[in-house]
Protein chains: 2
Amino acid sequence: MVKITDVARNAGVSPSTVSYALSGKRPISEETRRRVEAAVRELGYRPHASARALAGSRSNVLALVIPLRTGIHVPVVTQFAVSVVTAARRYDHDVLLLTQEEGEDGLRRVADTALVDALIVMDVQLHDPRLPLLRSLDRPSVLIGFPREAAGLTCVDLDFRAAGELCVERLAGLGHRVVALVGSPPEVYVRGTAFAQRVVQGFTAAADRCGLASRVHPCEATPAAARRVAERLLREQPALTGVVVHNEAVLEPLIDAFEQLGLRVPGDLSITAICPDETAAALRVPVTSVALPSAELGERAVDLLLRKLTGAEVPEATLLTPHLTNRASTAPRDAP
Amino acid sequence: MVKITDVARNAGVSPSTVSYALSGKRPISEETRRRVEAAVRELGYRPHASARALAGSRSNVLALVIPLRTGIHVPVVTQFAVSVVTAARRYDHDVLLLTQEEGEDGLRRVADTALVDALIVMDVQLHDPRLPLLRSLDRPSVLIGFPREAAGLTCVDLDFRAAGELCVERLAGLGHRVVALVGSPPEVYVRGTAFAQRVVQGFTAAADRCGLASRVHPCEATPAAARRVAERLLREQPALTGVVVHNEAVLEPLIDAFEQLGLRVPGDLSITAICPDETAAALRVPVTSVALPSAELGERAVDLLLRKLTGAEVPEATLLTPHLTNRASTAPRDAP
DNA sequence: GCGGGACGTCGAAGCGCTTCGATGGAGGAA
DNA sequence: TTCCTCCATCGAAGCGCTTCGACGTCCCGC
């Protein structure tokens with residue numbers, strides 16, 4: 001292994017000069033810096049990560065805690081993780097992967113052992129047991145999602161309330177008067193996942209504001225459940241012409257079910273959804289949707305975290321504005 | 001931060017004794033060990049990861065390189081990653097997440113800086129540019145998948161050839177005489193992804209051995225492509241009654257297409273697939289399938305890697321035996 | 001021509017841990 | 001009792017880096 005003393009010898013300077021030349025933390029003459037850089041290249045020098053971390057008390061590693069639960073759409077998690085890694089690398093940081101399974105102990109462990117400098121926590125619940133811990137850690141963190149009590153924490157998320165509103169408003173703008181929300185599986189609401197509830201709030205608020213008749217239906221992530229929900233909707237709201245779907249997994253089966261029940265999309269029924277763009281676009285009937293910007297979310301989280309690491313103040317709440325993309329699943333309501 | 005000297009003082013021993021008491025690398029009296037452990041608990045001591053890594057020249061971190069490409073099924077990657085993390089934790093190791101995007105430089109970087117002790121590389125190609133690098137690194141690695149030239153490397157994978165054979169043999173055993181393989185997207189074969197080609201080999205070999213007429217069709221991961229392939233199959237092999245699918249994404253659309261073309265599954269057409277069990281079981285028509293044991297794969301990779309880290313010899317090739325689960329998509333061929 | 005800043009570089013200390021060789025004391029054999 | 005062995009523990013060195021204070025050296029202004 002080639003170390004900083006080797007580089008120093010080769011360049012004819014002291015180890016500390018090499019360190020300063022590479023970090024730029026003190027002025028070094030042009031000439032010396034060039035010699036150091038040449039020596040680094042010639043010897044293929046790579047600073048030893050642990051030595052650097054120990055001396056500098058910065059590991060340049062971020063922790064990423066990913067969820068394992070049911071009802072969380074996997075591709076979203078993966079895309080998010082990838083974008084976090086990519087963004088972190090831009091700041092010369094690496095990412096340590098933790099599963100939610102390890103829970104609070106895992107967070108405490110990587111923080112207390114100084115394995116990581118900072119943490120990103122996904123899938124935050126409304127009353128998340130990790131919140132007090134995160135507040136008490138001596139390391140900054142960023143949460144994906146909003147807990148009920150977010151004071152003292154930095155949170156990032158899509159503005160799900162606005163997303164729910166946007167979906168309804170689009171339907172209202174197309175003349176639909178009776179709408180329904182097909183939501184996440186019941187357990188998602190039961191355990192108080194914030195974003196799911198926010199969609200419901202936005203949906204309901206916008207429907208009321210626009211004077212629409214509306215109902216909300218949680219839905220298991222299976223084709224059979226989709227079918228049942230479709231049947232139930234038509235039974236309970238015979239005049240239904242607009243549906244908002246916040247449940248990637250049942251989007252396709254739901255459309256199938258509606259069509260098998262004799263309703264054409266978008267002829268008889270318009271559908272808007274909150275889901276990743278790729279999902280919406282790949283369906284048999286491409287669906288008008290509000291994108292779930294997981295990549296952007298990951299980048300924002302990393303940006304915020306690194307600003308916190310430099311000691312900068314960052315906003316406690318960052319809500320990404322939802323954007324709706326028109327596709328083939330929406331049409332104006334037929335004149336009555 | 002509480003450090004080893006604090007524990008030592010509290011327990012009335014020297015720091016080295018604390019170290020030995022905790023690592024067990026030298027005999028320590030029962031009595032002393034208890035005092036040390038009590039002090040550790042009382043003070044909440046956690047060894048500093050970087051200091052430990054620097055002194056012990058072991059970081060206790062594994063690198064996991066995950067693929068980002070098209071044609072790789074995302075949930076499989078995620079499940080694999082989760083199982084790697086979980087298995088690594090059992091050995092008191094953590095996992096650093098790298099994307100394939102960083103390429104060889106990324107591997108070299110984490111190895112040369114001693115950020116990680118060992119590496120797990122997913123999605124290995126037949127002629128993978130990373131192979132020479134992995135051989136030359138001073139750190140052990142395990143590959144998921146088999147390159148053409150695997151000498152000197154440790155590889156783990158499902159036995160995809162046997163999986164392909166198994167699918168065909170099941171169809172043959174049910175009396176089917178004309179079969180087809182609907183495979184991965186063309187680019188997967190073009191870039192030489194080993195597992196995809198192995199399925200083709202197994203499929204073809206078993207079909208020949210059983211005296212079946214057979215064809216192979218790559219297929220893009222879109223419903224439209226599935227539809228086209230279904231039409232083409234019926235045109236080119238009018239007597240077709242058995243289909244093997246190695247492409248999670250088109251499984252459902254393919255079945256839809258067949259049924260729309262007037263073929264019932266399994267009445268007129270039997271289908272076997274190679275895909276994760278959850279996918280197979282969740283379909284409208286649950287599909288008889290060979291499981292893609294991503295969790296087991298992750299565990300095996302970690303087990304092998306940790307054995308290598310202890311200096312043990314491990315087999316170069318580990319092929320997991322495929323298992324086929326009967327579901328609703330297969331039936332005996334009608335008497336002619 | 002001399003004092004005083006800058007500027008560029010050096011040396012040493014120290015980050016928190018592991019590990020090696022050394023040490024002391026207890027216990028057994030003679 | 002003496003000597004030797006073995007066991008448990010200690011002290012010091014060192015892992016490779018960063019960082020702080022100190023030390024020239026050069027140049028400018030008076």
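Below, each value reflects all heavy atoms present in this structure, side chains not excepted, and no hydrogens, waters or symmetry copies. In what follows, chains carry the letters A, B, and so on, assigned in the order in which the sequence lines appear, proteins first and then strands, with residues in each chain numbered from 1.
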TODO: Using atom types as modelled and distance alone, determine if a side-chain donor or acceptor of A:Lys308 lies under 3.5 Å from a backbone N or O of A:Glu313.
DONE: no
Task: Donor-acceptor contact present, side-chain B:Arg89 to main-chain B:His93, <3.5 Å - done: yes
Without decimals, in angstroms, what is the distance between [X] [atom1] and [N] [atom2]?
{"X": "A:Arg9", "N": "C:dT9", "atom1": "CZ", "atom2": "P", "answer": "19 Å"}
{"X": "A:Met1", "N": "D:dG14", "atom1": "CE", "atom2": "P", "answer": "18 Å"}
{"X": "B:Ile28", "N": "D:dC7", "atom1": "CD1", "atom2": "C1'", "answer": "10 Å"}
{"X": "B:Ile4", "N": "D:dG11", "atom1": "CD1", "atom2": "C1'", "answer": "14 Å"}
{"X": "B:Leu43", "N": "C:dG16", "atom1": "CG", "atom2": "P", "answer": "15 Å"}
{"X": "A:Leu22", "N": "D:dT19", "atom1": "CG", "atom2": "P", "answer": "13 Å"}
{"X": "A:Asn60", "N": "D:dG16", "atom1": "CG", "atom2": "P", "answer": "19 Å"}
{"X": "B:Leu54", "N": "D:dT18", "atom1": "CG", "atom2": "P", "answer": "12 Å"}

Residue-phosphate contact under 4.0 Å: [X] side-chain N/O, [N] OP1/OP2:
{"X": "B:Ser16", "N": "C:dT19", "answer": "no"}
{"X": "A:Lys25", "N": "D:dT19", "answer": "yes"}
{"X": "A:Tyr45", "N": "D:dC17", "answer": "yes"}
{"X": "B:Ser14", "N": "D:dC10", "answer": "yes"}
{"X": "A:Ser19", "N": "D:dT18", "answer": "yes"}
{"X": "B:Ser57", "N": "D:dC15", "answer": "no"}
{"X": "B:Ser29", "N": "D:dT9", "answer": "yes"}

Open item on the list: Going by side-chain contact (heavy atoms from CB on, under 4.5 Å), A:Val95 matches just one of A:Val61, A:Val82, A:Val84. Which one?
Closed with: A:Val84
What nucleotide, of [options], holds the atom closest to the side chain of [X]?
{"X": "A:Ala55", "options": "D:dT19, D:dC10, C:dG14", "result": "C:dG14"}
{"X": "B:Arg52", "options": "C:dT18, D:dG16, D:dC10", "result": "C:dT18"}
{"X": "A:Thr32", "options": "D:dG16, C:dT9, D:dT19", "result": "C:dT9"}
{"X": "B:Arg26", "options": "C:dC17, C:dC10, C:dG21", "result": "C:dG21"}

Should the heavy atoms of other residues, nucleotides or ligands under 6.0 Å from [atom1] of [X] be counted, would the total exceed 12?
{"X": "A:Glu101", "atom1": "CD", "answer": "no"}
{"X": "A:Glu316", "atom1": "CD", "answer": "yes"}
{"X": "B:Arg135", "atom1": "CZ", "answer": "yes"}

Task: Quiz item: B:Tyr20 side-chain donor-acceptor pair to D:dC10 base, under 3.5 Å - done: no
Open item on the list: What contact category does A:Pro47 fall into here, base, sugar-phosphate, or nothing, at under 4.0 angstrom with non-hydrogen atoms?
Closed with: sugar-phosphate
